[in-house]
Structures are given as C-alpha cells and as structure tokens.
Amino acid sequence: MKIDDIISLENGKDYGLLLESVIDDVRYFLAVLVDKEEKPLDEYIVLEEVVEDDETYVQKINDPLILNQLMEDYSLQLEDLEDE
C-alpha cells in the first residue's frame with residue numbers, strides 16, 4: 001500500500017490513503033472516505049497495518065490521539081507543498 005492508493009474495506013466503503021506514518025514502530029495510514037468518483041468526502045480514519053503469516057492488511061482503529069497526530073502531520077505536509 002502506498003499514498004494515493006484507493007482501498008476498499010470490508011464495510012464496502014472506499015478510502016484514499018493520504019499519509020503514511022510510523023508511530024512507536026507501528027505503521028499507520030491517514031485515510032479519507034471517497035465517493036464513487038473517488039472524490040474525497042469529509043470523513044477521516046486511521047488504518048493500522050497488520051502483518052500476519054506473510055499477509056499484509058489494515059484495520060481501522062479508533063484512537064483520537066493517533067488521528068490528531070496524523071491530521072497535524074498531513075496539515076504540515078500540505079503547508080510545505082504550498083510554500084514551494
């Protein structure tokens with residue numbers, strides 16, 4: 001998985017991967033819900049990468065501290081792009 005990928009979760013919703021970050025040796029992704037035309041909506045989630053038996057998948061986590069950290073990192077990244 002990489003940034004800008006669109007992935008489908010088991011709930012049938014599609015999410016775009018906006019940011020990848022490693023916090024305490026765990027890989028997380030900030031993801032945004034997208035519509036059928038892959039346009040971002042106003043719903044952000046955190047996905048944690050899980051590797052088991054040589055398979056990689058993600059699971060949604062509900063940790064507001066990690067979500068806030070990823071949102072802050074993403075905002076800073078956007079500001080850096082605007083300054084260029």
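Given the structure is predicted, the values throughout are model-derived calculations rather than measurements. Below, all heavy atoms of this structure are taken into account, side chains as well, without hydrogens, waters or symmetry copies.
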Open item on the list: Under 4.5 Å between side-chain heavy atoms, counting indirect links through other Ile/Leu/Val/Met/Phe/Trp/Tyr residues: same cluster for Ile7 and Leu33 or not?
Closed with: yes

TODO: Check side-chain contact (heavy atoms from CB on, under 4.5 Å) between Asp25 and all other residues, then give those that pass, not counting sequence neighbours.
DONE: none

Task: pair Ile45-Leu9: side-chain heavy atoms closer than 4.5 Å - done: yes

Task: Straight-line distance of Tyr44 OH to Leu18 CG, nearest 0.5 Å - done: 6.5 Å

Task: Non-neighbouring partners of Lys2 that pass side-chain contact (heavy atoms from CB on, under 4.5 Å), sequence neighbours left out - done: Asp5

Task: Least distance between heavy atoms, Gly16 atom then Ile6 atom - done: CA-CD1, 3.6 Å

TODO: Not counting sequence neighbours, which residues clear side-chain contact (heavy atoms from CB on, under 4.5 Å) with Glu79? List them please.
DONE: Leu76

Open item on the list: Is there a continuous path of hydrophobic side-chain contacts, each under 4.5 Å between heavy atoms, that joins Leu70 to Val32?
Closed with: yes

- [ ] Could you list all the side-chain hydrogen bond (donor to acceptor under 3.5 Å, both in side chains) pairs where at least one residue sits in residues 65-78, not counting sequence neighbours?
- [x] Gln69-Asp73

- [ ] Report yes or no: do Val46 and Phe29 belong to one cluster of Ile/Leu/Val/Met/Phe/Trp/Tyr joined by side chain heavy-atom distances under 4.5 Å?
- [x] no

Task: Main-chain N/O of Glu37 paired to Asp35 side chain as donor or acceptor, under 3.5 Å - done: yes

Task: Pairwise side-chain hydrogen bond (donor to acceptor under 3.5 Å, both in side chains) hits with a residue in residues 6-22, at least two apart - done: Ser8-Asp14, Tyr15-Glu43, Glu20-Arg27

TODO: Could you tell me which non-hydrogen atom of Leu41 sits nearest to which non-hydrogen atom of Val34, and how far apart they are?
DONE: CD1-C, 4.2 Å

Open item on the list: Please determine whether residues Leu78 and Met71 belong to a single hydrophobic cluster, defined as Ile, Leu, Val, Met, Phe, Trp and Tyr linked transitively by side-chain heavy-atom distances below 4.5 Å.
Closed with: yes

Got a list of side-chain donor-acceptor pairs under 3.5 Å for residues 58-66, not counting sequence neighbours?
{"residue": "Asp63", "atom": "OD1", "partner": "Leu65", "partner atom": "N", "Å": "2.9"}
{"residue": "Asp63", "atom": "OD1", "partner": "Ile66", "partner atom": "N", "Å": "3.3"}

Open item on the list: Can you tell me how far apart CD (Glu52) and OH (Tyr57) are? Round to the nearest 0.5 Å.
Closed with: 3.5 Å

